[in-house]
Amino acid sequence: MLTGSSIGTFIPRIDHLAMLSNMQIPEWGIDWLKHEQVALMAALFAHGTGLFTLG
C-alpha cells in the first residue's frame with residue numbers, strides 16, 4: 001500500500017517536471033512563476049489564521 005501511494009504521488013510530480021523542462025517558457029511566464037511561491041504561502045497563511053475560508 002505504501003509503495004502504491006508513493007508511486008501515485010511521484011508520477012504526477014515528475015510528469016510535470018519532465019514536461020516543463022523540455023518547453024521554452026516565455027519571459028512573462030518565468031516572471032509569473034517567480035510569484036507563485038509567494039502567492040501560495042500567503043494563501044496558506046490566510047487560511048491558517050482564519051482570514052480566508054472556503055464556503
Side-chain angles (χ1 to χ4, degrees):
M1 187 164 117
L2 183 61
T3 303
S5 297
S6 299
I7 291 171
T9 58
F10 182 73
I11 289 175
R13 293 177 186 180
I14 295 301
D15 186 37
H16 288 110
L17 181 64
M19 187 179 0
L20 286 175
S21 67
N22 293 329
M23 292 178 60
Q24 289 286 355
I25 301 174
E27 187 65 32
W28 61 267
I30 293 173
D31 288 339
W32 180 76
L33 286 172
K34 289 179 184 175
H35 300 289
E36 181 183 9
Q37 294 175 356
V38 175
L40 179 61
M41 290 304 294
L44 288 172
F45 177 75
H47 181 70
T49 59
L51 297 173
F52 176 72
T53 58
L54 296 175

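No hydrogens, no waters, no symmetry mates; every other heavy atom, side chains included, goes into these values.
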Connecting only ILVMFWY residues whose side-chain heavy atoms lie within less than 4.5 Å of each other, what is the rest of I7's hydrophobic cluster?
I11
Give every donor-acceptor pair under 3.5 Å between a side-chain atom in residues 30-40 and any protein atom, sequence neighbours left out.
none

Suppose we screen for side-chain contact (heavy atoms from CB on, under 4.5 Å). Which residues come up paired with M19, at least two apart in sequence or across chains?
H16, M23
